[in-house]
Amino acid sequence: MAEFAKQSFISEHHDSMGLAVYNCGSQSCESGYSWGPALRDHHLIHIVASGSGRFVLNDSEYRLSAGDVFYAPESEMVFYQADDDDPWEYYWVGFSGIDSQRLLAAASLSAESPIFHLNGTDRAVDVLKRLYNSTGNSVADEARMTGLLYELFSLLIKGSGELSGRNERDSYVQSALKFIEHNFSSPISVSDIAAGAGISRSHLYRLFVEHLNTTPNEYLTRYRIKAAQELLSRHEVNVSEAAYSSGFSDPLYFSRVFKRIVGVAPSRYKK
């Protein structure tokens, strides 16, 4: 049998944090061991410590070995399998939160580019081991785990930058994402985001499609809806207050957009 270790964290504070750990663990797989095809409701990052295997995402297959990082996006169908002759051992962390997309983009991880080779894997594995040992569901425990997850992202961002030679285009995307993060509750437009990043609106559009596989307007809309979900889940606010607080000026329009993205009306979601 495969050697398997996992910690999961169920907490009422997840929705109120910019970045929250859902689970973490390690697995030393037996020959041919596989997971999926299946999807999850949160992001996962895996680091291959030894051995090899294959990872399938959106009909693209990747052969991976020690030192490789692979990313399984939330709500995307994935499959991965250990090699028959040299089965892998990997460490992983599952997470979510409003800050996730910005950090994933900074680490050059996306559904279109879900892998890279990380030099100095031992440091990243050490962070995941410490994260695994930082168990608990108190606010203090969550803060410690989140801090370690940020530390992991720091290593991944630095590692992906060294590998890919991150350039000015990445900087523009990061500036735009940070502008959205800081101003989404205000009545900003795509033109405002472009100005905040220091580029033209058309240039911003091309970069978002290339790096995030979405348009700036759709990213802003989904960011606002995610914020509204958290407000409706965690605070005593009504639908109109959630709409205004998350950057929508028309509660009726907000309700239509919320239902399109979430699948239910905001009033029903709150209940």
Side-chain angles (χ1 to χ4, degrees), residues 15-19 41-43 58 71 73-76 95-114 153 157 160-161 164-233 235 237-266 269:
D15 289 339
S16 64
M17 299 176 71
L19 193 65
D41 63 353
H42 54 276
H43 305 281
N58 293 334
Y71 161 57
E74 65 175 348
S75 304
E76 296 277 359
F95 59 94
S96 189
I98 290 178
D99 217 18
S100 299
Q101 288 294 348
R102 180 177 68 86
L103 292 168
L104 287 164
S108 300
L109 289 170
S110 66
E112 293 68 42
S113 180
F153 265 112
I157 291 166
S160 67
S164 62
R166 293 183 58 188
N167 53 37
E168 195 173 20
R169 293 184 303 166
D170 301 294
S171 176
Y172 288 142
V173 172
Q174 292 311 307
S175 294
L177 294 179
K178 184 161 288 190
F179 185 89
I180 291 171
E181 178 187 355
H182 292 164
N183 298 281
F184 73 92
S185 60
S186 301
I188 59 172
S189 66
V190 174
S191 295
D192 295 325
I193 299 170
I199 54 176
S200 69
R201 180 174 174 140
S202 60
H203 192 184
L204 180 73
Y205 180 93
R206 289 194 298 271
L207 290 180
F208 264 61
V209 171
E210 177 184 348
H211 286 257
L212 303 176
N213 197 35
T214 189
T215 66
N217 188 62
E218 182 67 10
Y219 183 93
L220 173 62
T221 298
R222 289 181 176 273
Y223 195 101
R224 284 170 164 167
I225 292 298
K226 182 68 173 178
Q229 285 181 264
E230 294 184 358
L231 286 170
L232 292 169
S233 298
H235 300 283
V237 299
N238 59 38
V239 172
S240 294
E241 290 167 339
Y244 293 129
S245 298
S246 54
F248 290 88
S249 58
D250 182 348
L252 292 178
Y253 174 71
F254 163 74
S255 295
R256 291 198 299 271
V257 174
F258 190 100
K259 186 173 183 179
R260 171 176 69 85
I261 292 175
V262 181
V264 297
Y269 180 87

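As the structure is a prediction and not an experimental result, all values here were calculated from the model.
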Quick one: pull up CG in L232 and CZ in F258 and give me the separation to the nearest 0.5 Å. 5.5 Å
Could you measure the distance from the OH atom of Y172 to the OG atom of S200? Nearest 0.5 Å is fine. 9.5 Å
Residue pair Q174 / R102: nearest heavy atoms and the distance that separates them: OE1-O, 3.5 Å
Gap separating the CZ atom of R224 from the CD1 atom of I98, nearest 0.5 angstrom: 12.5 Å
Could you report the tightest heavy-atom contact between F95 and H42, atom names first, then the distance? O-CB, 3.4 Å
Tell me whether E230 is salt-bridged to K226, with the criterion being a basic N under 4.0 Å from an acidic carboxylate O. no
Quick one: closest heavy-atom pair of A111 and E76, and the distance? CB-OE2, 4.4 Å
Side-chain heavy atoms of Y223 within contact of Q101, under 4.5 Å: no
Let me confirm one number: the CG-CG distance from L177 to L104, rounded to the nearest 0.5 Å. 10.5 Å
Side-chain contact, heavy-atom cut-off 4.5 Å: T221 with R260? yes
Within this structure, what is the CG-CZ distance for the pair D99 and F153, rounded to the nearest 0.5 Å? 8.5 Å
Could you pull out every donor-acceptor pair under 3.5 Å between side chains of residues 239-253 and any protein atom, sequence neighbours left out?
| unit_1 | atom_1 | unit_2 | atom_2 | d |
| --- | --- | --- | --- | --- |
| E241 | OE1 | N238 | N | 2.9 |
| S245 | OG | E241 | O | 2.7 |
| S246 | OG | A242 | O | 2.7 |
| S246 | OG | A243 | O | 3.2 |
| D250 | OD1 | L252 | N | 3.0 |

Check this for me: F184, atom CZ, are more than 12 non-hydrogen atoms of other residues, nucleotides or ligands nearer than 6.0 Å? yes
In Å and rounded to the nearest 0.5 Å, what is the CG to CZ distance from D192 to R201? 9.5 Å
Can you name the nearest heavy-atom pair linking A107 to I157, along with the distance? N-CG1, 3.7 Å
Closest approach of V190 and P216, non-hydrogen atoms and distance? CG1-CB, 3.9 Å
Do any N or O atoms from the side chain of S100 and from the backbone of G97 form a donor-acceptor pair under 3.5 angstrom? yes
Could you report the tightest heavy-atom contact between I225 and I261, atom names first, then the distance? CG1-CD1, 3.7 Å
